Number of protein chains: 2
Amino acid sequence: MESTFAVIAEPNRRAILSLLAASERSVGEIEHALGMPQPSVSKHLRVLRDAGFVEARVDAQRRLYRIRPEPLLELEAWLAPFRRFWAGHVDALEQRLDRMEPERTDDQP
Amino acid sequence: MESTFAVIAEPNRRAILSLLAASERSVGEIEHALGMPQPSVSKHLRVLRDAGFVEARVDAQRRLYRIRPEPLLELEAWLAPFRRFWAGHVDALEQRLDRMEPERTDDQP
DNA sequence: TGAGTATATAACAAATAACGTATATGCGCG
DNA sequence: CGCGCATATACGTTATTTGTTATATACTCA
């Protein structure tokens, strides 16, 4: 899993990142919040950690994960040259946001 | 190839997009500029077109491809909640840009 | 109309990544 | 020390994707 872009191609990993955008969480909290099996969470966290998207802090037998901005800045940087295509159409962004299907960052009903 | 994110996970497709960011190009121009086989270019363009990243204009027997901003706006939107992690550290972005390995948008020597 | 150029698609092989299950490590507490 | 909880890893399977080669379609111009 080399590139920043490949890492966020995976929907579960994006969900994890979006969840951590709010605040740091333990593996168990992520597991329960996203309703995915624990080994899956750990594996995705491993990929995210290796790519520098997150870092872990030890709290007793738990690991608390939190965002690290660097790789996201790379995304931001890659995106920059395209901004001119929608500069001026500021509301296009809002319209798009409205129509977007929301990423799951929560428990399912 | 469902998601916007999966589409740009592929380095050649990012190279094509970056090339088109400058101006519209024919398939042959892309092929020659990036040094990749024509069927490969066509196939990637197909994926990009299906995902709405580009559109084609017919010019005699050539197709001229150009950027469409919508999917990139989705990226931009997804990124938005993370901006707070580097807001204020504006120079972090520039440092990152400096250290980034450049995407190939040109002929190789 | 026939040759040539530009682009698209088909078909197959190879590589990669994701998931599930089972198991290992690590820490704290009785 | 040994049990239990929290997290990590190994392994086998399956599915998806990419590159490659060959061929099809489409348009232009002599």
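Since the structure is predicted, the reported quantities are computational estimates derived from the model, not experimental observations. Just the heavy atoms: all of them, side chains too, but no hydrogens, waters or symmetry mates, feed the values below. Quick note on labels: first sequence line is chain A, next is B, and so on, each numbered from 1.
Considering A:Arg57, A:Arg62, A:Arg68, A:Arg63 in turn, A:Arg57 is the only one that fulfils the salt bridge (Lys or Arg N to Asp or Glu O under 4.0 Å) rule with A:Glu24. Checked options B:Leu48, B:Leu20, B:Val41, B:Ile16; the residue passing with B:Tyr65 is B:Leu20 (criterion: side chain to side chain contact (heavy atoms under 4.5 Å, CB included)).
Taking atom CZ of A:Phe5 as the reference point, atom P of D:dT17 lies 19 Å away to the nearest angstrom. Rounded to whole Å, the distance from CG on A:Asp50 to C1' on D:dA8 is 12 Å. Atom CZ in A:Arg25 sits about 18 Å away from atom C1' in D:dT7, given to the nearest Å. Regarding B:His32, its NE2 atom lies at a distance of 13 Å from the P atom of C:dA6, rounded to whole Å. The interatomic distance linking A:Met36 (CE) with D:dT7 (C1') rounds to 15 Å, in whole Å. In this structure, CD1 of A:Ile8 is placed 15 Å from P of C:dA17, rounded to the nearest angstrom. Rounded to a whole Å, the CG atom of B:Leu48 is 14 Å from the P atom of D:dT17. Put simply, CD on A:Glu31 is 12 Å from P on C:dG20, counting in whole angstrom units.
Remark: B:Gln61, B:Arg62, B:Arg63, B:Tyr65 in residues 56-65 of chain B come within less than 4.0 Å of DNA chain C through at least one heavy atom. Of the residues in residues 37-47 of chain A, those with a non-hydrogen atom less than 4.0 angstrom from any atom of DNA chain D are A:Gln38, A:Pro39, A:Ser42, A:Arg46.
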TODO: Quick one: do B:Glu76 and B:Arg83 satisfy salt bridge (charged side-chain N to carboxylate O under 4.0 Å, His left out)? Show the steps, please.
DONE: CA-CA 10 Å; B:Glu76 180 92 341; B:Arg83 293 248 165 71; 3.6 Å; yes
Open item on the list: The test is side-chain contact (heavy atoms from CB on, under 4.5 Å); show your working for B:Ser26 and B:Asp59 and say whether it passes.
Closed with: CA-CA 9 Å; B:Ser26 70; B:Asp59 170 56; over 6 Å; no
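With ring centers used as reference points, B:Phe82 lies 6.0 Å or more from B:Trp86.
For the pair A:Glu10 (side chain) and A:Val7 (backbone), a donor-acceptor distance under 3.5 Å is absent. A donor-acceptor pair under 3.5 Å is formed between the side chain of A:Arg14 and the backbone N or O of A:Ala9.
In this structure, A:Val47 is a member of the same hydrophobic cluster as A:Leu75, with clusters built from ILVMFWY side-chain heavy atoms closer than 4.5 Å. When hydrophobic clusters are built by joining Ile, Leu, Val, Met, Phe, Trp and Tyr residues whose side-chain heavy atoms come closer than 4.5 Å, directly or via intermediates, B:Leu45 is not grouped with B:Leu64.
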